[in-house]
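All figures in this text were calculated on a predicted structure; none of them were measured in a lab. Note: hydrogens, waters and symmetry copies are ignored here, and every other heavy atom, side chains too, is used. Each residue takes its place number in the sequence, starting with 1.
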Amino acid sequence: MATEPAVIIVGAGIGGLTLALELHDRGVGCVVLEAAPQLEPLGVGINLLPHATRGLSRLGLEDALAAVAVTTAESAFFNRFGQHVHTEPAGRHAGYAWPQFSIHRGDLQRVLLDAVLERLGSDAVRLGHRVVSASQDADRATVRIEHPDGTTGSLSATAVVAADGVHSAIRRQFHPGSATPRYTGCMMWRGTTVWPRFLSGASMVRAGWLATGKMVIYPIRDAVDDQGRQLVNWVAECEAPQRGRRDWNTPGLIEDFIGPFADWHFDWLDVPAMIRAADEVLEYPMVDQDPLDHWTEGRITLLGDAAHPMVPRGSNGAAQAILDAGVLAAELAGGDPLTALRRYEEIRLPATSRVVLANRANPPDAILREVHERTGDRPFERIDDVIGRDEVTALSDGYKVVAGFDKERLTP
């Protein structure tokens, strides 16, 4: 590019690409620098809740997302014996103006990347550009870049946004003592399996509890073969000593976690058979980090997991990055970048800190915790004798308020 971009975005993940689209929509120039030499469809499934799809729909992406995702119809809760605890509608089925999507992370990234390249041009995303540090003076911020061939370079802009994930180099630069993650005591194993439709065919299931094994299961691609089967995303969570590093793509072994789920043969799903039919299994320690006291230093700030890594519960990590992008773009479109980055932090840091802490104490699956504790991990005769409907609603609605997708605030 002949001239400096207004904003440098570090990282071509969900938050970084969404920010690029939000800035372009508001007439603010930007470039995305990505360390990877090519973008692969890595990862497994994630959920986009209504507060996330609201922003992506405003950017004109709803149809593209719907074409590659499953439009979630309901959230369903079961104990580890397969007994039904609670079901509530999701997205538009619950009366929201926007859908909830269950989608492969690679499909979501591809939708965002295609939109960025189409709208901003082929030079808007620069691969093989690993940002290792950032500096600034009174007029601009500059990033230092390393390339796969060992060469180095630099690029300057009026503002720099680090959206480069939990291992962010700029986060380490700002907060050198905050790199140690907080382990929750639980490991998670994730995979995808081509499997027949279950329940509604668009159900997000949470079953069991961490002390004895918990599963999150939902389809992320529809009709993937001539039998009409779906690509089903599943996550197994168990209390266990931490193993491995915080890397979303670490291979895992079924034998390390199948034990607690070996007898989960329900009339609506054979869980161990589904697990054993997976093409690939990945493992990840359930970790987060304490909220930071600041994200912004002058012309440089953090966004998404670089700013607020959270326990992967509640389908909210991607959503919070998308919300970050919308707020930051709106502020940057207003003029002075120093003021914009400061205002962005004032709005988003307290909000995301509440989500980080809620995911530790009262995530959406707190309903299952209550059932587990009150039944003594035994089958029940009537769920209404275990937990009242009003209490279930209060637990569910309470998390939505903290996470930012309660209906009262989420209006068209």
Side-chain angles (χ1 to χ4, degrees), residues 47 72-91 93-94 100 102 184-190 193 195-219 232-240 257-276 286 311-315 358-403 406:
N47 259 264
T72 313
E74 63 183 15
S75 292
F77 298 80
F78 296 82
N79 65 8
R80 74 179 182 94
F81 306 102
Q83 293 179 292
H84 179 249
V85 172
H86 173 64
T87 295
E88 59 186 30
H93 298 272
Q100 177 174 330
S102 297
T184 64
C186 293
M187 285 291 298
M188 60 188 296
W189 287 265
R190 308 174 302 139
T193 304
W195 201 252
R197 294 165 65 92
F198 61 90
L199 298 177
S200 71
S203 302
M204 180 177 184
V205 169
R206 296 181 177 95
W209 184 243
L210 298 168
T212 54
K214 179 186 147 224
M215 293 287 297
V216 181
I217 309 165
Y218 52 89
V232 174
N233 180 83
W234 54 263
V235 183
E237 303 172 15
C238 303
E239 292 183 346
F257 69 93
I258 191 67
F261 310 103
D263 60 351
W264 283 32
H265 305 288
F266 308 145
D267 57 3
W268 49 274
L269 184 64
D270 188 329
V271 173
M274 179 195 66
I275 291 173
R276 293 193 181 280
M286 295 190 71
V311 174
R313 291 182 187 143
S315 308
N359 278 351
R360 293 178 181 178
N362 282 300
D365 51 16
I367 296 166
L368 297 176
R369 178 192 64 203
E370 295 301 315
V371 171
H372 171 81
E373 292 176 351
R374 296 179 193 190
T375 61
D377 189 37
R378 291 185 295 272
F380 53 75
E381 293 186 6
R382 294 179 66 254
I383 186 59
D384 289 345
D385 295 333
V386 177
I387 189 168
R389 297 298 93 190
D390 289 346
E391 190 173 2
V392 168
T393 300
L395 284 168
S396 179
D397 289 351
Y399 183 79
K400 292 183 178 72
V401 170
V402 173
D406 55 304

Quiz item: Once you round to the nearest 0.5 Å, how far does CD of E370 lie from CH2 of W209?
Solution: 8.5 Å
Practice problem: Using a 4.5 Å cut-off on heavy atoms from C-beta on, say whether the side chain of T193 contacts that of W234. | Solution: yes
Quiz prompt | Approximate separation, where rounding is to 0.5 Å, of Y399 OH and I367 CD1 | solution = 12.0 Å
Quiz item: Once you round to the nearest 0.5 Å, how far does CD of E74 lie from CD of Q100?
Solution: 11.0 Å
Quiz item: Can you check whether M286's main-chain N or O pairs, donor with acceptor, with T184's side chain at less than 3.5 Å?
Solution: yes
Quiz item: Quick one: SG on C238 to CD1 on I258, what's the gap to the nearest 0.5 Å?
Solution: 9.5 Å
Practice problem: Show the numbers, then the answer: is there a side chain to side chain contact (heavy atoms under 4.5 Å, CB included) between F77 and V371? | Solution: CA-CA 10 Å; F77 298 80; V371 171; over 6 Å; no
Practice problem: Check whether any side-chain heavy atom of F198 sits under 4.5 Å from a side-chain heavy atom of P196, and report yes or no. | Solution: no
Quiz prompt | Side-chain heavy atoms of N47 within contact of Y218, under 4.5 Å | solution = yes
Exercise. Apply the test side chain to side chain contact (heavy atoms under 4.5 Å, CB included) to residues L395 and I387: give CA-CA distance (whole Å), side-chain angles for both, the deciding distance (0.1 Å), then the verdict.
Key: CA-CA 11 Å; L395 284 168; I387 189 168; 4.3 Å; yes
Practice problem: Answer whether the closest heavy-atom distance between the side chains of L269 and W264 falls below 4.5 Å. | Solution: no
Self-check item: Within-4.5 Å side-chain heavy-atom neighbours: M274 and M215
Solution: yes
Exercise. Carefully, step by step, assess Q83 and I383 under the rule side chain to side chain contact (heavy atoms under 4.5 Å, CB included).
Key: CA-CA 9 Å; Q83 293 179 292; I383 186 59; over 6 Å; no
Quiz item: Are the side chains of F81 and D377 in touch, meaning some heavy atoms are under 4.5 Å apart?
Solution: yes
Quiz item: With a cut-off of 6.0 Å (strictly less than), are more than 12 heavy atoms of other residues, nucleotides or ligands near CZ of R374?
Solution: yes
Quiz item: From E88 CD over to M204 CE, what is the distance, rounded to the nearest 0.5 angstrom?
Solution: 10.5 Å
Exercise. Please examine the side chains of H372 and L210, heavy atoms only from C-beta on, and report whether any two atoms are closer than 4.5 Å.
Key: no
Quiz item: At what distance, to the nearest 0.5 angstrom, does CD of E237 lie from CZ of F257?
Solution: 11.5 Å
Quiz item: Under a 4.5 Å cut-off applied to non-hydrogen side-chain atoms, are W189 and I275 in contact?
Solution: no
Quiz prompt | F78 and W268: CA distance, side-chain angles, deciding distance, side chain to side chain contact (heavy atoms under 4.5 Å, CB included) verdict | solution = CA-CA 11 Å; F78 296 82; W268 49 274; 3.6 Å; yes
